[in-house]
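All heavy atoms count here, side chains included; hydrogens, waters and symmetry mates do not. The shown structure was predicted, so the numbers you read here are calculated from the model rather than taken from an experiment. Each ligand, and each atom within it, is numbered from 1 in the order the structure gives.
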Amino acid sequence: MMFHIHTFPEVDSTNEVAKKYPANNVIVAEEQIRGRGRFGRKWVSSKGGLWFSLVLEPGKRLFEYTFIGALAVLESIGTGETKWPNDILVEGKKICGILSEVEFSGNEAEKVVVGIGLNVNNELSDITKIAVSLKEVTGKESDLNELLGKILKRYEELLTLDHSDILRMFKEKCGMLGKNVTVKSLDKTISGEAVDINDEGHLVVQTEEGPLVVQEGDVTLL
Ligand code: BT5
């Protein structure tokens, strides 16, 4: 395997630790004190979950690293569907979230950090309405190291595929295409049918005013 794995009992955020490492390293934490989502949101990361960040060479578009992460996790847990732009859902609840970030050296992308949070054996206490763990889905605990190994192996394989293959695979597993959605981005909210994910990784929504392209945001299925 191309990845070197470093495990820590507790960190603020594995994405922050990962930024100090060169490509092909993976940072794993048993627990995160300040696990992060997009837009500075909090990611609940207590013991029993799989919280890790991959450090990768730049070269692909950022969303591809996220889509590859989603596909690698999906295939490794054997259940669920992808949700644009960075989640995996099982029965409508979030089991996995991904946060991909670029590290620059001057103007040039130096590396990409892909942070993956997967609820495995951890308790979800106050977010059970929106979140689910693999343990709840399968009825049994999973071995975290075994699962991590599977995901990393699959990630490495998917990295060699073309942009178009990754996009096609992500779309095939995407439960929200063809459904009516509301998308809240930072500055506006739109509703319509989610019809496609374009080559840029953006969501295309067919609204009453015509098709709109959404670059980032949170989607609610109607
Ligand atoms: C994400 O953000 O889904 C990206 C999460 C990435 C977490 C990994 S863990 C390893 C690495 N280190 C980090 O610090 N982060 C990465 P977003 O789409 O913004 O979703 C965040 C929202 O998900 C929160 O506002 C909550 O509503 C919900 N949430 C928080 N913790 C959750 C959990 N454990 N399971 C499911 N949903 C959760």
Residues passing the salt bridge (charged side-chain N to carboxylate O under 4.0 Å, His left out) test with Lys83, sequence neighbours excluded, are none
Without hydrogens or angle criteria, can the side chains of Thr14 and Gln32 be said to hold a donor-acceptor pair below 3.5 Å? yes
Once the angle between the rings of Phe170 and Phe67 is folded into 0 to 90°, is it parallel (under 30°), tilted (30 to 60°) or perpendicular (over 60°)? parallel
Residues around ligand 1, heavy atom under 4.0 Å from any ligand atom, sorted by chain and number. Can you pull those? Ser13, Thr14, Asn15, Gln32, Gly35, Arg36, Gly37, Arg38, Arg41, Lys42, Trp43, Val44, Phe52, Ser53, Asn86, Asp87, Lys94, Gly97, Ile98, Leu99, Gly115, Ile116, Gly117, Asn119, Ile127, Ile130, Ala131
Ignoring hydrogens, what is the shortest heavy-atom contact between Ser133 and Asn122? Give both atom names and the distance. CB-O, 3.9 Å
Can you list the residues that meet the salt bridge (charged side-chain N to carboxylate O under 4.0 Å, His left out) rule with Glu16, with sequence neighbours excluded? Lys19, Arg36
Determine which pairs satisfy side-chain hydrogen bond (donor to acceptor under 3.5 Å, both in side chains) with at least one residue from residues 105-118, sequence neighbours left out, and list them in order. none
